[in-house]
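All ligand and atom numbering here is 1-based and tracks the order in the structure. Position 1 is the first residue of the sequence, and the numbers go up from there.
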Amino acid sequence: DTPLADVSHARVTEVSSGLCRVATGDTTLLCSLKGTLKAAETGYSNVVAVGDHVVVTETGNGDGLVEEILPRRNVLARPDPAAPHLQQILAANLDQLLIVGAWRNPHSWFELVDRCLSTAERHGITPLLCVNKVDLAEPDDDIDAVLAPYTDLGYRVVQTSAEQGIGITPLRLHLHSQVTVVAGLSGVGKSSLLSAVQPGFNLKTGETNADREQGRHTTTQALMLPFADGYVVDTPGIKEFGLAGLDASELIAYYPDLLGAAMHCKFADCTHTHEPDCAVREQVFAGELSATRYKSYQAIRVSLGG
Ligand code: GDP
Ligand code: ZN
């Protein structure tokens with residue numbers, strides 16, 4: 001067995017039960033996991049995740065063995081559908097979370113955007129907010145004003161139209177040589193945007209690579225695809241990811257804009273949903289805080305059971 005010299009470039013790009021695909025400098029290996037690698041007592045249900053840096057040994061015929069998983073810089077995780085007391089890592093070692101919403105069709109994206117922002121903050125992953133389909137804005141729509149709560153907080157925001165080629169260059173600059181997870185409801189234009197950034201790229205055809213054609217299937221949980229000198233990670237389970245294990249009372253901490261007011265509520269344990277003398281609600285009603293941000297706070301709070 002020959003250990004690969006450059007383990008810094010051995011990166012897991014696809015995972016299924018017991019098998020994973022590892023991209024090294026110039027090749028891809030289909031790897032099994034060394035028997036001593038166990039998920040037990042890590043709090044996670046999976047041993048290896050997309051994005052992991054690993055030490056691999058080549059075993060021939062394009063196969064390999066994962067010997068070691070190197071420490072992770074960060075992870076995106078969600079409750080494991082099969083074992084709710086454990087978390088399932090969706091992806092690891094990420095540079096940024098690209099959160100895509102559509103200005104219209106579908107328009108109801110604020111809650112998901114805010115959920116993803118909280119997730120990014122919580123996991124130490126830099127968010128990048130993209131509002132697509134700006135070509136569908138009505139003359140009276142003030143996109144800048146709607147996005148002000150986000151830009152005021154210092155978030156990077158790009159306005160795009162995949163259809164009309166608006167904002168594609170700034171988006172490309174943000175994605176260049178980064179490992180980016182793409183989040184967003186189905187239909188907001190994620191695939192269209194990525195193929196606008198990199199013509200020919202198709203988010204949904206990770207399945208048609210040569211290995212698959214040769215019948216070496218791995219059942220994909222998340223997929224990491226080479227993109228713009230970096231990678232994009234396409235992962236299911238976006239809705240619930242990241243907020244697992246978050247106590248409803250902690251949610252406000254991920255709303256830096258609401259947090260200032262929350263210090264002035266009458267009750268120390270104010271939930272900012274119904275209490276009298278709630279400074280958050282007062283400032284929202286007075287128009288001093290964003291009503292859409294507050295609405296998403298309420299909705300997420302309910303979903304967290306409080
Ligand atoms: P995904 O599910 O997020 O990957 O979304 P798709 O990229 O498949 O796009 C969903 C639909 O929205 C398709 O019919 C696209 O043609 C359309 N679409 C994508 N981007 C834009 C845009 O910027 N403007 C408009 N008007 N339609 C778009
Ligand atoms: Zn309050």
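Both the backbone and the side chain of Val188 come within 4.0 Å of ligand 1, judged by heavy-atom distances.
Side-chain contact check for Asp144 and Gln159: at least one donor-acceptor pair (N or O, by modelled atom type) lies under 3.5 Å. In the model, Gln88 has no side-chain atom that pairs as donor or acceptor with a side-chain atom of Ser45 under 3.5 Å.
Not one N or O of Thr160 is nearer than 3.5 Å to an N or O of ligand 1, by distance alone.
Residues Gln178 and Tyr231 fail the side-chain proximity criterion, which asks for heavy atoms closer than 4.5 Å. For the pair Thr271 and Arg301, the minimum side-chain heavy-atom distance is below 4.5 Å.
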Q: For Arg73 and Asp95, run salt bridge (charged side-chain N to carboxylate O under 4.0 Å, His left out): C-alpha distance rounded to whole Å, both residues' side-chain angles, the deciding distance at 0.1 Å, then the answer.
A: CA-CA 9 Å; Arg73 184 153 53 92; Asp95 293 320; 3.0 Å; yes

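Residue Ser161 has at least one heavy-atom neighbour below 4.0 Å for each of these atoms of ligand 1: 23 (O). Within ligand 1, the atoms closer than 4.0 Å to a non-hydrogen atom of Leu136 are 26 (N), numbered from 1 in the order shown.
Looking at Arg104, Gln164, Lys190, Lys133, it is Lys133 that brings a heavy atom closest to atom 28 (C) of ligand 1. With distances taken over non-hydrogen atoms, the option nearest atom 26 (N) of ligand 1 out of Ile168, Leu193, Ile166, Asp135 is Asp135.
For the side-chain contact (heavy atoms from CB on, under 4.5 Å) with Cys31, the lone residue among Leu65, Val56, Leu19 that qualifies is Val56.
Our summary of the site lists the angle at the Zn ion (ligand 2) between SG of Cys270 and SG of Cys265 as 110°, to the nearest 10 degrees.
Closest N/O/S atom of His272 to the Zn ion (ligand 2): ND1.
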